Student: 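Shown below is the structure under consideration.
This is a predicted model, so every value here is computed, not measured. In what follows, chains are A, B, ... by sequence order, proteins preceding strands, each numbered from 1.
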Number of protein chains: 2
Amino acid sequence: MKFSTRSRYGTRAMLDLALHDNSSPVRLKDLARRQGVSVKYLEQIIPALKNAGFIRSIRGINGGYTLAKGAGEIRLLDIVEALEGSLSPVDCVDMPKWCPRSGECATHEVWRDVRKAIDDVLGGTTLADLAERQRALSEPR
Amino acid sequence: MKFSTRSRYGTRAMLDLALHDNSSPVRLKDLARRQGVSVKYLEQIIPALKNAGFIRSIRGINGGYTLAKGAGEIRLLDIVEALEGSLSPVDCVDMPKWCPRSGECATHEVWRDVRKAIDDVLGGTTLADLAERQRALSEPR
DNA sequence: AATAATTCCTAGTAATTATATAGGATTATT
DNA sequence: AATAATCCTATATAATTACTAGGAATTATT
Ligand code: FES
Ligand code: FES
């Protein structure tokens with residue numbers, strides 16, 4: 001019941017892009033240095049975010065990555081699901097047929113409730129919200 | 001981000017014990033048959049529940065397992081944590097030192113919120129609640 | 001046209017975790 | 001003594017995780 005490093009690194013990568021949005025594309029090299037992750041590993045995580053339509057890439061020299069849409073339109077739930085797969089704590093929440101007795105299983109209902117609680121938190125937070133929180137944290141006071 | 005089979009089987013085992021509470025101890029053989037799990041695998045899951053103080057065992061012939069306290073005093077959160085370990089989606093929620101920059105990491109706050117949401121659902125449901133739901137599901141109507 | 005810097009693609013790999021199974025020791029009832 | 005249950009420890013296998021490696025494709029600059 002842990003998020004994989006894919007999700008942790010990938011979410012922080014998205015946050016990094018959001019914070020550097022209005023400038024030139026962000027090179028993976030810089031992103032990796034700032035986040036303390038190897039370029040090679042990020043290279044493997046990034047495609048999921050691109051396929052999901054969250055980021056756009058610019059190839060060749062001076063290339064890099066930018067957000068493909070407004071930070072306010074990207075929910076953390078979408079990011080994590082793109083990286084992690086479904087957040088249902090058990091498979092039968094998504095596919096009731098997966099458990100033969102899902103119609104008469106009380107635990108099933110509880111797992112569904114857990115899923116919903118996660119959805120509410122992560123679905124209610126956008127990348128813009130996250131960036132704002134980060135700015136508040138980094139702000140000198 | 002899935003619960004292991006330990007958690008799923010273990011929770012169902014606890015539910016089974018709760019439903020057969022007021023009678024004689026439940027043999028693993030019967031529990032396993034009802035839940036569709038091998039006795040040998042259950043044997044490996046059960047000790048965690050016993051060590052946590054949720055169940056009591058009776059050895060020898062006519063032995064078996066019973067709840068060690070009232071079903072209303074056992075929260076699903078406790079059961080799952082006994083079987084699964086901490087439900088924090090990332091380690092730094094439990095150990096802030098684990099991430100070097102946890103004090104200035106916005107994602108950290110979100111992961112903490114996710115943990116809390118799970119806690120609220122699973123901490124707010126007791127084994128008695130679960131048993132009641134199960135009876136409602138099984139009831140002929 | 002050559003160079004350099006970037007993303008893109010595919011494969012490999014070591015370590016860990018998940019999901020069991022197996023065999024026998026211990027305990028208590030009859 | 002026989003039986004039936006829990007208890008304990010070891011082993012096996014498969015899947016997943018967290019990377020690393022090498023090079024191909026693309027593009028701005030010179
Ligand atoms: S229906 Fe899947 S756990 Fe019960
Ligand atoms: S502090 Fe652990 S993920 Fe940021």
Student: Please report, rounded to the nearest Å, how far the C1' atom of C/dT7 is from the CG atom of A/D30.
Tutor: 14 Å
Student: Just N and O in the side chain of B/Y65: are any of them under 4.0 Å from OP1 or OP2 of D/dC7?
Tutor: yes
Student: Calculate the interatomic distance between A/L28 atom CG and C/dC9 atom C1'; express it in whole Å.
Tutor: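 Interatomic distance, CG of A/L28 to C1' of C/dC9: 14 Å.
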Student: With a 3.5 Å cut-off and just heavy-atom distances, do the side chain of A/K40 and the base of D/dG23 make a donor-acceptor pair?
Tutor: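 Side chain to base: pair present.
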Student: Round to the nearest Å and state the distance from B/N51 atom CG to D/dT6 atom P.
Tutor: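 Nearest whole value for this atom pair: 16 Å.
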Student: Ignoring backbone atoms, test whether A/S57 places a side-chain nitrogen or oxygen under 4.0 Å from the OP1 or OP2 oxygen of C/dC8.
Tutor: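 Checking C/dC8 against A/S57, a side-chain N or O does come within under 4.0 Å of OP1 or OP2.
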Student: Using a cut-off of strictly less than 4.0 Å, decide whether B/S4 has a side-chain nitrogen or oxygen near OP1 or OP2 of C/dT17.
Tutor: no
Student: What integer distance in Å separates B/L17:CG from D/dT6:C1'?
Tutor: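 Between C1' of D/dT6 and CG of B/L17: 14 Å.
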Student: B/R59 has a side chain; which of C/dT26, D/dC19, D/dC8 sits nearest to it?
Tutor: C/dT26
Student: With side chains defined as the heavy atoms from C-beta onward, is the minimum distance between B/V90 and B/R115 less than 4.5 Å?
Tutor: no
Student: Run A/D120 and A/K116 through salt bridge (charged side-chain N to carboxylate O under 4.0 Å, His left out) and show every step you take.
Tutor: CA-CA 6 Å; A/D120 286 346; A/K116 181 166 187 335; 3.0 Å; yes
Student: Output the rounded distance in Å from CZ (A/R27) to C1' (C/dA4).
Tutor: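 So the two atoms are 12 Å apart, to the nearest Å.
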Student: Tell me the interatomic distance from B/L31, atom CG, to D/dA4, atom P, rounded to whole angstroms.
Tutor: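 Rounded to the whole Å, the gap is 20 Å.
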Student: Please pick, from D/dT20, D/dT6, D/dT29, the nucleotide with the shortest atom-to-atom distance to any side-chain atom of A/Q44.
Tutor: D/dT20
Student: Could you report the tightest heavy-atom contact between B/P25 and B/T66, atom names first, then the distance?
Tutor: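 So the minimum-distance heavy-atom pair works out to CA-CG2, 3.7 Å.
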Student: Starting at the 5' end of DNA chain D and moving along, which residue's nearest nucleotide shows up first, B/I61 or A/E84?
Tutor: B/I61
Student: Show the numbers, then the answer: is there a side chain to side chain contact (heavy atoms under 4.5 Å, CB included) between A/R34 and A/L19?
Tutor: CA-CA 12 Å; A/R34 279 195 295 265; A/L19 291 170; over 6 Å; no
Student: Do B/L42 and B/Q35 have side-chain heavy atoms sitting under 4.5 Å apart?
Tutor: no
Student: In whole angstroms, how far is the C1' atom of D/dC7 from the CZ atom of B/R56?
Tutor: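 That distance rounds to 18 Å.
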Student: Taking for each residue the nucleotide of DNA chain D with the nearest heavy atom, is it A/S38 or A/G60 whose nucleotide lies nearer the 5' end?
Tutor: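 Its nearest nucleotide being more 5', the pick is A/S38.
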Student: Using whole Å, what does the distance between atom P of nucleotide C/dA18 and atom CE of A/M1 come to?
Tutor: 13 Å
Student: So A/I46, base contact, sugar-phosphate only, or nothing? Heavy-atom distance under 4.0 Å.
Tutor: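 Result for A/I46 = nothing.
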Student: Using OP1 and OP2 only, check whether a side-chain N or O of A/K50 sits under 4.0 Å from C/dC8.
Tutor: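 Affirmative; the distance criterion is met.
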Student: Could you check if a side-chain atom of A/L127 sits within less than 4.5 angstrom of a side-chain atom of A/L67, using non-hydrogen atoms only?
Tutor: yes
Student: Below 4.0 angstrom from OP1 or OP2 of C/dA20, is there any side-chain N or O of B/Y9?
Tutor: yes
Student: With respect to the side chain of A/E43, which nucleotide from C/dA20, D/dT27, D/dG22 is positioned closest?
Tutor: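 It is D/dG22.
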Student: Tell me whether the OP1 or OP2 atom of D/dA4 has a side-chain N or O from B/K29 closer than 4.0 Å.
Tutor: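 The answer is no; no side-chain N or O of B/K29 sits under 4.0 Å from OP1 or OP2.
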Student: Quick check on C/dT30: is either OP1 or OP2 less than 4.0 Å from any side-chain nitrogen or oxygen of B/N62?
Tutor: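 Result: yes.
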